[in-house]
Amino acid sequence: MERYDVKCPICETLNRNLDLEDSKGWMECEHCKTASKVLGVLPKDKVVKIPVYTMKQAAAMIR
């Protein structure tokens, strides 16, 4: 279990020792009590790769 230190996006208070994997990336600020989703914290098996295409590749798919 990995713990994270995250700064609140609203009041910028540093929230320490959070278990974001258990809460699926959600945190509640200790200071302002705002709930927010921390991006980039997902279980490894839930990460989905999104393909990126050039305009030429996209045009070839439409034909």
Side-chain angles (χ1 to χ4, degrees):
M1 175 169 48
E2 193 170 344
R3 298 288 184 159
Y4 299 87
D5 293 340
V6 179
K7 191 180 276 191
C8 175
I10 305 301
C11 69
E12 297 187 355
T13 300
L14 185 63
N15 295 270
R16 297 183 181 273
N17 204 24
L18 301 175
D19 183 8
L20 296 175
E21 292 169 358
D22 193 36
S23 65
K24 297 179 181 164
W26 283 93
M27 64 159 262
E28 181 178 341
C29 178
E30 298 168 355
H31 182 258
C32 69
K33 306 297 183 205
T34 302
S36 60
K37 175 97 171 166
V38 179
L39 299 177
V41 180
L42 286 174
K44 304 266 187 280
D45 61 336
K46 299 284 183 182
V47 174
V48 178
K49 291 186 178 181
I50 300 172
V52 177
Y53 298 105
T54 64
M55 291 302 287
K56 186 182 271 186
Q57 290 171 323
M61 285 188 221
I62 295 173
R63 292 184 202 158

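Numbering of residues begins at 1 and proceeds along the displayed sequence. All of these numbers come straight from a predicted model, not from anything done at the bench.
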Calculate, to the nearest 0.5 Å, the distance between atoms [atom1] and [atom2] belonging to [X] and [Y] respectively.
X: C29; Y: E12; atom1: SG; atom2: CD; answer: 10.5 Å
X: M27; Y: C8; atom1: CE; atom2: SG; answer: 5.0 Å
X: S36; Y: I10; atom1: OG; atom2: CD1; answer: 7.0 Å
X: N17; Y: E30; atom1: CG; atom2: CD; answer: 9.5 Å
X: D5; Y: N15; atom1: CG; atom2: CG; answer: 9.0 Å
X: R16; Y: R3; atom1: CZ; atom2: CZ; answer: 14.0 Å

Can you name the side chain to side chain contact (heavy atoms under 4.5 Å, CB included) partners of D22, sequence neighbours left out?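 D22 satisfies side chain to side chain contact (heavy atoms under 4.5 Å, CB included) with D19 only.
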Please check if the number of heavy atoms outside M61 that lie under 6.0 Å from its CE is greater than 12. yes
Tell me whether K24 contacts the main-chain N or O of K37 through its side chain, where contact means a donor paired with an acceptor under 3.5 Å.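 Flag not set: sc K24 to bb K37 has no pair under 3.5 Å.
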At their closest point, which heavy atom of W26 faces which heavy atom of L20, and how far apart are they? O-CD2, 3.6 Å
Measure across T13 and H31 and return the closest heavy-atom pair with its distance rounded to 0.1 Å.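 Heavy atoms of T13 and H31 come nearest at OG1-CB, 3.5 Å.
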